[in-house]
S.K.: 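Please see the structure below; I have some questions.
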Protein chains: 2
Amino acid sequence: MVTIKDIAKLANVSHTTVSRALNNSPLIKEPTKKKILEIAAQMNYTPNFNAKSLVKQKSYTIGLFYTSISNGTSPSFFADTLKGVNSVISQEYNLFVRGIDDYSDYSSIGRQRYDGILLMSQSVNDNAFIYHVMEKNIPFVVLNRDIEEKNIINILSDDKEGARQAVEYLIEHGHSDIAIIEGKQGFKSSQQRKEGYISALIQHGIQIRSEYSASGNYDMESGYRAMEQLLSLNTRPTAVFCSNDDMAIGAMNAIFANELKVPDDVSVVGFDDIGFAQYTMPRLTTVKRPVEQISVEGAKKLLSLLNGNEQRKEKILANTELMIRDSVKTLAKC
Amino acid sequence: MVTIKDIAKLANVSHTTVSRALNNSPLIKEPTKKKILEIAAQMNYTPNFNAKSLVKQKSYTIGLFYTSISNGTSPSFFADTLKGVNSVISQEYNLFVRGIDDYSDYSSIGRQRYDGILLMSQSVNDNAFIYHVMEKNIPFVVLNRDIEEKNIINILSDDKEGARQAVEYLIEHGHSDIAIIEGKQGFKSSQQRKEGYISALIQHGIQIRSEYSASGNYDMESGYRAMEQLLSLNTRPTAVFCSNDDMAIGAMNAIFANELKVPDDVSVVGFDDIGFAQYTMPRLTTVKRPVEQISVEGAKKLLSLLNGNEQRKEKILANTELMIRDSVKTLAKC
DNA sequence: AAGTAGAATGTTCACGTTAACAAAAGGAAG
DNA sequence: CTTCCTTTTGTTAACGTGAACATTCTACTT
């Protein structure tokens, strides 16, 4: 392995001069710098990041942590977040990916190893990890999940507004018998999506009917069951807002199973815009959560923090986008 | 930051003794070791991996490289491979993730930075990277894509056999007018899946008809177009083997668009078993590529290599599995 | 009791880099 | 030509750890 000392010998200067030249220090005369740079290139020199890290007390490493890599994280979430973060991180930084549940204890997670941490949080269970990171004084950003705690940079999508818009879209297309299939009990996201649903109804003066609220837990199967329950009502809803796409797919299957059609008999709207939403039959109208954008913003924020720019420790809401496809029917307004 | 020297002072021993105790050296007396370990735990000591790396000439980092993170890699592929690798890598190692196309030059990729490299290869364009890694003498394993080169550890699924089994399954269910929608021209995988298709037909004495070969390029749209072409034939095939699931979904859409039904009018089989295959209507029968298993095997192989166990530089084929769902109809044999 | 082998611990140095301080070289002013 | 800055370069130490070699301590043999 070629080191700066090797270069120094060849260039007939001290290794410090080489170091300075490579780091583009203004202290070095142009011709000297040029000569050194040439030799370095010729010798195929690669800096040793470990040595650099050791002396600079910086790891040049950013940790990207998920709640879990093995359990529950949806494929498209991985792909989108990784894409987003990856596009921002410069070559100077290493990107390390791990699941929080891979660790039995967090002792190996310290400042020396990570300059900063991006946490794609999907569960309240992550809080222990968050406290550890705060305690260790590692710069970090929490993405995707709403953290109650103040003084944390927290970027997530505005689920309430997204849900409101989706339901408003249904109303504008003539629906007023609109049901909701709720997300997992106790999840902040479930609550906010429901709030959006309610807010849209109120805003348009539509009465809220408790029998139009069916509970689910974010998986397909629960969407199916919730839909069956809704279909068995005396006055069947003409449209259903599902708190995520998986449940929407389950709901659509339940509708088909009852020999009804989407959107002719029942309109369906989802939430998330998973990759598969455009491959369903019919293609699913849904609320796109800007996961990739959140990742990009989060990574940028973190990098800026690492560069010493003070950031406001605030919550940032990213806008959702309604992806209009084919699962909603326009009703003639009565 | 607490270092072994701090511990040494408190324990009234030399820092080397601490180092040995922490590394569980047999040279240290039990009571001393115990005392040191206790103090370390109490002080919340975290080893500095940079210093360790520097002196041991080891980076404790495994690079997981994809052909691209931004382009073309399917979400489920990310998720499955990451899961697989992650489950094997011990806490001792860092997992570094990047796309090859993130690099304009490979100069920063050297032995000091990576103890070993896992390459999830999806394109011939990766070859330049492979040569670089070989030249730098970094231990590595190529996964997923068939590499012609000898003397490379190369783990991939047995696509030919998988395709053969799928087509055989169609034949066993009474089909003999079986078409194929081929994968992207020039891809090794396309070729091997087609070979499997042909081999099954020959084996069962079924004549190969050139008009039953439609070309595609692995995306939905191409599957749709290929299927339309097949449907326009005088003697429509009763079953279609699609070289991947995306094209199978496209093909199913084409069948529906022509007011035909899957599987009643045409049976469809896919390849890959993407997550969505079980959510299609009807659920897609397909060949599951053991992506996660390949990742696990590859990571194990690499770790074993890093631990100094010589590995045979060979090609390993992993078995596919036919996922039987609802997109194939049993025909009465004539 | 002395000698000795072996176990346990300590000293010193090295890894490759940057930083603090030191020194030399060059140039301007008197 | 001194003297004194300023610019450029060099010397030395430090980061935290592990390894080679050195030393001390123990326990056993004679």
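Each chain gets a letter, A, B and so on, in the order the sequences are listed, and its residues count up from 1. We use all heavy atoms of the structure for the numbers below, so side chains are in, but hydrogens, waters and symmetry mates are not.
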S.K.: With under 30° as parallel and over 60° as perpendicular, where do the rings of B/F77 and B/Y66 fit, or are they tilted in between?
M.R.: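 Geometry flag for B/Y66 against B/F77: perpendicular rings.
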S.K.: In whole Å, what is the span from the CG atom of B/L27 to the P atom of D/dT23?
M.R.: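 Computing the B/L27:CG to D/dT23:P distance gives 18 Å.
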S.K.: Within the structure, does a side-chain N or O atom of A/T32 lie under 4.0 Å from either OP1 or OP2 of D/dT9?
M.R.: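 For D/dT9, OP1/OP2 do have a side-chain N/O of A/T32 under 4.0 Å.
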S.K.: Is there a side-chain polar atom (N or O) of A/N23 under 4.0 Å from OP1 or OP2 of C/dT18?
M.R.: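 So the side chain of A/N23 is within the cut-off, an N or O lying under 4.0 Å from OP1 or OP2 of C/dT18.
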S.K.: Looking at B/F65, I'd like to know if the NZ or CZ of B/R98 sits under 6.0 Å from its six-membered ring centre while staying within 45 degrees of the ring's axis.
M.R.: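 Judged by the rule, B/R98 and B/F65 form no cation-pi pair.
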S.K.: Send over the distance from A/I28 CD1 to C/dG26 P, rounded to a whole Å.
M.R.: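 Rounding to the nearest Å, CD1 of A/I28 and P of C/dG26 are 15 Å apart.
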S.K.: Identify which nucleotide among D/dT17, D/dG10, D/dA14 has an atom closest to any side-chain atom of A/V55, counting heavy atoms from C-beta outward.
M.R.: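 The nucleotide sitting nearest to the side chain is D/dA14.
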S.K.: Between atom CZ in B/F49 and atom C1' in D/dT17, what is the gap in whole Å?
M.R.: 12 Å
S.K.: Starting at CD1 of B/I7 and ending at P of D/dG16, how long is that distance when rounded to a whole Å?
M.R.: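 Going from B/I7 (CD1) to D/dG16 (P), I get 12 Å.
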S.K.: Expressed as a whole number of angstroms, how long is the span from A/K29:NZ to D/dG10:P?
M.R.: 11 Å
S.K.: Spell out yes or no: do the side chain of A/T16 and the base of C/dA19 have one donor N/O and one acceptor N/O closer than 3.5 Å?
M.R.: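 Looking at the base of C/dA19, it does pair with a donor or acceptor on the side chain of A/T16 (distance under 3.5 Å).
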S.K.: Quick one: does A/H15 reach the base of D/dT9 with a side-chain donor-acceptor pair under 3.5 Å?
M.R.: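 Flag unset: no donor-acceptor pair detected.
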S.K.: How do B/Q57 and B/S14 order along DNA chain C: which one's closest nucleotide is nearer the 5' end?
M.R.: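 Looking at DNA chain C, the more 5' nearest nucleotide goes with B/S14.
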S.K.: Given 3.5 Å as the limit, does a donor-acceptor pair link the side chain of B/N144 with the main chain of B/S121, or not?
M.R.: yes
S.K.: Under the ring-ring contact (aromatic ring centres under 6.0 Å, His included) rule, what do B/F78 and A/F78 come out as? Steps first, then yes or no, please.
M.R.: CA-CA 7 Å; B/F78 267 130; A/F78 267 130; 8.4 Å; no
S.K.: OP1 or OP2 of C/dT17 sitting under 4.0 Å from any side-chain N/O of A/S19?
M.R.: no
S.K.: Quickly work out the A/L22 CG to C/dT18 C1' distance and round it to whole Å.
M.R.: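 For the pair A/L22 CG and C/dT18 C1', the rounded distance is 12 Å.
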S.K.: Rounded to the Å, how far apart are A/R111 CZ and D/dC15 C1'?
M.R.: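 These atoms are roughly 16 Å apart.
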S.K.: Between A/Y45 and C/dT17, is there a contact of a side-chain N or O with OP1 or OP2 at under 4.0 Å?
M.R.: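 It does, given that an N or O in the side chain of A/Y45 lies less than 4.0 Å from OP1 or OP2 of C/dT17.
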S.K.: Mind calculating the distance between CG (B/L54) and P (D/dA19) to the nearest angstrom?
M.R.: 13 Å
S.K.: Tell me which of A/R20 and B/A51 sits closer to the 5' end of DNA chain C, going by the nucleotide each one is nearest to.
M.R.: B/A51
S.K.: Measure from the side chain of A/N48, starting at C-beta and using heavy atoms only, and say which of C/dT17, D/dT9, D/dG16 lies closest.
M.R.: C/dT17
S.K.: For A/Y131 and A/E149, does a side-chain donor sit closer than 3.5 Å to a side-chain acceptor?
M.R.: yes
S.K.: Where the side chain of B/I4 is defined as all heavy atoms beyond and including C-beta, which of D/dT9, C/dG10, D/dT17 is the nearest nucleotide?
M.R.: D/dT17
